[in-house]
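Notes follow once the structure below has been shown.
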Amino acid sequence: MLADPLLDSVLLTPDALKQRVAQLGRSITAEYAGRSLTMVTVLKGGVVFLSDLCRSVDLDVSLDFMAISPYAGGGPAVRITKDLDDAIEGRHVLVVEDIIDTGLTLHYLLGAMRSRCPASLQVCALLDKDVRRIADMPVAFKGFSIPDRFVVGYGLDLGGRYRNLPFVATLKDEVMG
Ligand code: IMP
Ligand code: MG
């Protein structure tokens, strides 16, 4: 796959991802011991991470999904194009994100979810480009801090491609301009 001309190098190997996801699963299991948990992800980038992570969590877990798209005019607000199927009032909710960049998307989504009165609301992010953060964002469970490079694989895409790579790779600089 690295023969793909757009990919630069592997940042996180399948083995590194597997080990870290297992550790996160153990931390989440300990944090929510004795409670039921709703794990929510944002389509589509988070699904690969969620599907591995939820199998490392030994709790009574429900899964739910949201989808969003940016408003045509730009700006930080996003439109919810697919809402959660189930009510979250009184439930412990963990939002599972592939990557947090500026944090603006998640900031908006957390606000929308908080207004529905969950028992608790926390964030688990596989990747965090913390130097890019604009919105203040507490991340309770974090996989890896990564440098400010565009990455693909393990759910992350470039124009819809590369989500199925079993590793996370950087793109060649000339691709991003
Ligand atoms: P934020 O609102 O700036 O935090 O945007 C986060 C969203 O931007 C993520 O959910 C991804 O969809 C996308 N994104 C940010 N950085 C990357 C990247 O390096 N690769 C792929 N998608 C990215
Ligand atoms: Mg995304």
Side-chain angles (χ1 to χ4, degrees), residues 1-2 4-14 16-18 20-21 24 28 38-54 63-84 88 93-115 121-177:
M1 248 314 191
L2 265 189
D4 186 294
L6 303 189
L7 300 184
D8 183 17
S9 63
V10 174
L11 188 65
L12 299 166
T13 63
L17 289 164
K18 190 177 170 190
R20 192 75 188 109
V21 169
L24 289 170
I28 292 165
T38 299
M39 298 174 80
V40 169
T41 200
V42 184
L43 299 171
K44 302 170 183 165
V47 295
V48 174
F49 177 40
L50 177 73
S51 76
D52 283 344
L53 182 66
C54 73
L63 303 181
D64 211 340
F65 301 90
M66 280 181 130
I68 54 173
S69 73
Y71 278 107
V78 292
R79 192 162 54 93
I80 296 175
T81 56
K82 186 224 167 292
D83 206 338
L84 299 173
I88 55 171
V93 175
L94 181 64
V95 179
V96 176
E97 263 282 34
D98 50 356
I99 188 165
I100 306 177
D101 186 14
T102 63
L104 290 172
T105 309
L106 195 52
H107 182 78
Y108 174 84
L109 285 178
L110 289 176
M113 282 188 243
R114 205 172 284 120
S115 69
L121 183 62
Q122 297 202 92
V123 175
C124 175
L126 179 68
L127 307 177
D128 187 358
K129 288 188 195 171
D130 22 27
V131 299
R132 296 252 309 158
R133 191 63 34 84
I134 295 171
D136 185 33
M137 184 66 52
V139 182
F141 306 94
K142 187 199 291 195
F144 303 90
S145 290
I146 63 164
D148 183 16
R149 292 281 304 272
F150 197 86
V151 292
V152 294
Y154 202 70
L156 292 148
D157 72 304
L158 173 70
R161 297 179 63 206
Y162 302 115
R163 294 193 199 275
N164 62 317
L165 298 180
F167 48 81
V168 173
T170 52
L171 291 180
K172 292 200 175 116
D173 285 331
E174 55 265 34
V175 180
M176 301 315 293

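Indexing begins at 1, ligand by ligand and atom by atom, following the structure's order. Note: hydrogens, waters and symmetry copies are ignored here, and every other heavy atom, side chains too, is used.
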| task | Tell me which one of I99, L127, D128 gets a heavy atom nearest to atom 6 (C) of ligand 1. | result | I99
| request: Counting heavy atoms only, name the option from T105, V78, L171 that's nearest to atom 2 (O) of ligand 1. | output: T105
| request: Answer yes when D52 and K18 have at least one side-chain N-carboxylate O distance shorter than 4.0 Å, and no when they do not. | output: no
| D4/R161 salt bridge by N-O under 4.0 Å criterion | yes
Check this for me - ligand 1, [X], N or O atoms closer than 3.5 angstrom, yes or no?
X	answer
G103	yes
D101	yes
V151	yes

| query | Hey, which of T170, I99, L126 is the one that makes side chain to side chain contact (heavy atoms under 4.5 Å, CB included) with I146? | reply | I99
| task | Drop me the distance from F141's CZ to L53's CG, to the nearest 0.5 angstrom. | result | 9.5 Å
Using a 4.0 Å cutoff against the non-hydrogen atoms of [X], which atoms of ligand 1 qualify?
X	answer
D98	10 (O)
R149	19 (O)
K129	16 (N), 17 (C), 18 (C), 19 (O)
D157	21 (C)

| said: Below a 4.0 angstrom heavy-atom separation, can you tell me which part of L106, side chain or backbone, both or neither, approaches ligand 1? | reply: neither
| query | Heavy-atom contacts under 4.0 Å between L156 and ligand 1: side chain, backbone, both, or neither? | reply | side chain
| field | From CA spacing to verdict: side chain to side chain contact (heavy atoms under 4.5 Å, CB included), F144, V168 | value | CA-CA 11 Å; F144 303 90; V168 173; over 6 Å; no
| query | Do D130 and S145 have a side chain donor and acceptor closer than 3.5 Å? | reply | yes
| said: With the threshold set at under 4.0 angstrom, would you say H107 reaches ligand 1 through any of its heavy atoms? | reply: no
| So is V152 in contact with ligand 1, going by heavy-atom distances below 4.0 Å? | no
| field | Criterion side chain to side chain donor-acceptor pair (under 3.5 Å) on T102 and R132, from CA distance to verdict | value | CA-CA 5 Å; T102 63; R132 296 252 309 158; 5.8 Å; no
| So which heavy atom on M39 is nearest to which on V96, and how close? | CE-CG2, 4.0 Å
| field | salt bridge (charged side-chain N to carboxylate O under 4.0 Å, His left out) partners for D83, two or more places apart | value | R116
